[in-house]
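To start, the structure itself, in structure tokens.
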Amino acid sequence: MARRKKIYEGKAKILYEGPEPGTIVQYFKDDATAFNAEKRDVIDGKGALNNRLSEFFMVGLNSIGVPTHFMKRLNMREQLVRACEIIPLEVIVRNYAAGTMAKRLGIEEGTPMPRPVVEYCYKDDKLGDPLVTEEHIAAFGWASQQDMEDILSLALRVNDFMSGLMYGVGIKLVDFKIEIGRVYDGDYQRLIVADEISPDSCRLWDIESGRKLDKDVFRRDLGDLADAYTEVARRLGVMPANATPMEKPKLIN
């Protein structure tokens, strides 16, 4: 079998050339990182869980008319996605104060926002993904004014979908980040949700207990990250109710 060509390797995923032009195979790693990769570990089963959860969310978004890059899941750790030109921004939607926003503005963590707050960060690990304004985005040509209107609309639609979905299983969607890609149909451009949506990219708190079910478990040493992600998958019906965290497959020589 021909060896696949690696396009890019990030902290949580590897991208390979897809089987057809315009496609990419996205592989989910077990690596967990925090604080701009200053803290890292390997969590058995994390990649498989994020693959299934991201598939679940992307399929749901596609079904309500929010376009995404997701095409199909290939196996436990890989999915086929549409190639797109990633806009170099992280789009963050905050429903409650948490993380850097709580620290930056001196707001108590967990304080509800009067309305969803949308923030933008420039995607650059070396710079620590700094917060930027729409003025920066326009000045440096990262996105047009029409792009920004479309990005805001997509972000708020994802928030509505995800908030309702999570509330239905007793989970509070505190915040999340998404990435947006450009695809072209001839001369026509449109924007789609790309990358992934998973507990790696969301803050998820149990509504009753406040238990964290996201990557803050790893950041703050609050327990077993795979257990937290498995709980999210169980509640959403992505995994059977009696499932245990997925283990890393063992290779046989």
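Positions are given from 1 along the sequence. Scope of the values below: all heavy atoms of this structure, side chains included, with no hydrogens, waters or symmetry mates.
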Is there a side-chain contact between Glu38 and Thr33 (heavy atoms, below 4.5 Å)? no
Is Tyr167 isolated, or which residues cluster with it under the ILVMFWY side-chain rule of less than 4.5 Å, directly or via members? Ile207
Just checking Phe35: does its CZ atom have more than 12 heavy atoms from other residues, nucleotides or ligands closer to it than 6.0 angstrom? yes
Side chain His69, main chain Asp195, donor-acceptor under 3.5 Å: yes
Which atom names give the shortest non-hydrogen contact between Asn75 and Arg73, and what distance separates them? O-CG, 3.2 Å
Heavy-atom side-chain contact between Ile197 and Met162 under 4.5 Å: yes
Is any side-chain heavy atom of Leu74 closer than 4.5 Å to one of Val25? yes
Thr230 side chain to Ala226 main-chain N or O, any donor-acceptor pair under 3.5 Å? yes
Between Arg203 and Asp216, does a salt bridge (charged side-chain N to carboxylate O under 4.0 Å, His left out) hold up when you go through it step by step? CA-CA 8 Å; Arg203 278 193 175 87; Asp216 275 348; 2.9 Å; yes
Would you say the side chains of Asp200 and Tyr229 form a donor-acceptor pair under 3.5 Å? yes
For a side-chain contact (heavy atoms from CB on, under 4.5 Å) check, start with the C-alpha distance between Met166 and Leu236, then their side-chain angles and the critical distance, and finish with the verdict. CA-CA 8 Å; Met166 291 300 181; Leu236 291 168; 4.2 Å; yes
When every non-hydrogen atom of Val132 is compared with those of Leu89, the smallest separation belongs to CG2-CD2, 4.2 Å
Give me the atom names and distance for the closest heavy-atom approach of Ile87 to Ala143. CG2-CB, 4.4 Å
Partner set under side chain to side chain donor-acceptor pair (under 3.5 Å) for Glu17, not counting sequence neighbours: none
Solution key, residues 91-103 side-chain donor-acceptor pairs under 3.5 Å, sequence neighbours excluded:
| unit_1 | atom_1 | unit_2 | atom_2 | d |
| --- | --- | --- | --- | --- |
| Arg94 | NE | Glu119 | OE1 | 2.8 |
| Arg94 | NH1 | Ala98 | O | 3.4 |
| Arg94 | NH1 | Asp175 | OD2 | 3.3 |
| Arg94 | NH2 | Thr100 | OG1 | 3.3 |
| Arg94 | NH2 | Glu119 | OE1 | 3.4 |
| Asn95 | OD1 | Asn159 | ND2 | 3.1 |
| Asn95 | ND2 | Asn159 | OD1 | 2.9 |
| Asn95 | ND2 | Leu173 | O | 3.1 |

Side chains of Tyr184 and Glu85: is there a donor and an acceptor less than 3.5 Å apart? yes
Just checking, any donor-acceptor pair under 3.5 angstrom between side chains of Asp206 and Ser209? yes
Asp185 and Arg82 ion-paired at < 4.0 Å: yes
Would you indicate whether the side-chain heavy atoms of Ser198 and Leu49 approach each other to under 4.5 Å? no
Row check, Trp205 ring normal vs Lys212 NZ/CZ: under 6.0 Å, within 45°: yes
Tell me whether the count of non-hydrogen atoms from other residues, nucleotides or ligands lying under 6.0 Å of CZ in Arg115 goes above 12. no
For the student: nearest non-hydrogen atoms of Gly47 and Asp30, plus distance: N-OD1, 2.8 Å
Smallest separation among heavy atoms of Asp124 and Pro130, with atom names: O-CD, 4.5 Å
Could you tell me which non-hydrogen atom of Phe176 sits nearest to which non-hydrogen atom of Cys202, and how far apart they are? CB-SG, 3.7 Å
Would you say Lys172's side chain and Gly210's backbone share a donor-acceptor pair under 3.5 angstrom? no
May I ask you to check whether Trp142 and Tyr120 place their ring centres under 6.0 Å from each other? no
Hydrogens and angles aside, do Ser144 and Gln146 bring a side-chain donor and acceptor to less than 3.5 Å of each other? no
Could Asp221 and Lys39 be called an ion pair, given the rule that one side-chain N must be under 4.0 Å from one carboxylate O? yes
Judged by modelled atom types alone, do Asn51 and Glu78 share a side-chain donor-acceptor pair under 3.5 Å? no
Solution key, residues 58-68 side-chain donor-acceptor pairs under 3.5 Å, sequence neighbours excluded:
| unit_1 | atom_1 | unit_2 | atom_2 | d |
| --- | --- | --- | --- | --- |
| Asn62 | OD1 | Thr68 | N | 3.1 |
| Asn62 | OD1 | Thr68 | OG1 | 3.0 |
| Asn62 | ND2 | Met58 | O | 3.4 |
| Asn62 | ND2 | Thr68 | OG1 | 3.2 |
| Ser63 | OG | Gly60 | O | 2.6 |
| Thr68 | OG1 | Phe70 | N | 3.2 |

Just wondering, do Glu196 and Ile178 contact through their side chains at under 4.5 Å, heavy atoms? no
Compare all side-chain heavy atoms of Ile86 with those of Ile180 and state whether any distance is below 4.5 angstrom. no
Is there a side-chain contact between His136 and Tyr122, using heavy atoms and a 4.5 Å cut-off? no
Looking at side-chain heavy atoms only, is the closest gap between Arg52 and Met76 below 4.5 Å? no
Can you pull out every salt bridge (charged side-chain N to carboxylate O under 4.0 Å, His left out) where at least one residue sits in residues 146-163? Sequence neighbours excluded, please. Asp147-Arg182
Would you verify whether the NZ or CZ of Arg77 falls within 45 degrees of the ring axis of Phe28 while also being under 6.0 Å from that six-membered ring's centre? no
Glu231: side chain to side chain donor-acceptor pair (under 3.5 Å) partners, not counting sequence neighbours: Arg234, Arg235
Can a salt bridge be assigned to the pair Glu109 and Arg220 using a cut-off of 4.0 Å between side-chain N and carboxylate O? yes
Could you tell me whether Lys11 and Asp125 have a side-chain N and a carboxylate O separated by less than 4.0 Å? yes
Can you tell whether the side chains of Lys72 and Glu55 come within less than 4.0 Å, N to carboxylate O? no
Rounded distance (nearest 0.5 Å) linking atom CZ of Arg4 with atom CD1 of Ile7: 10.5 Å
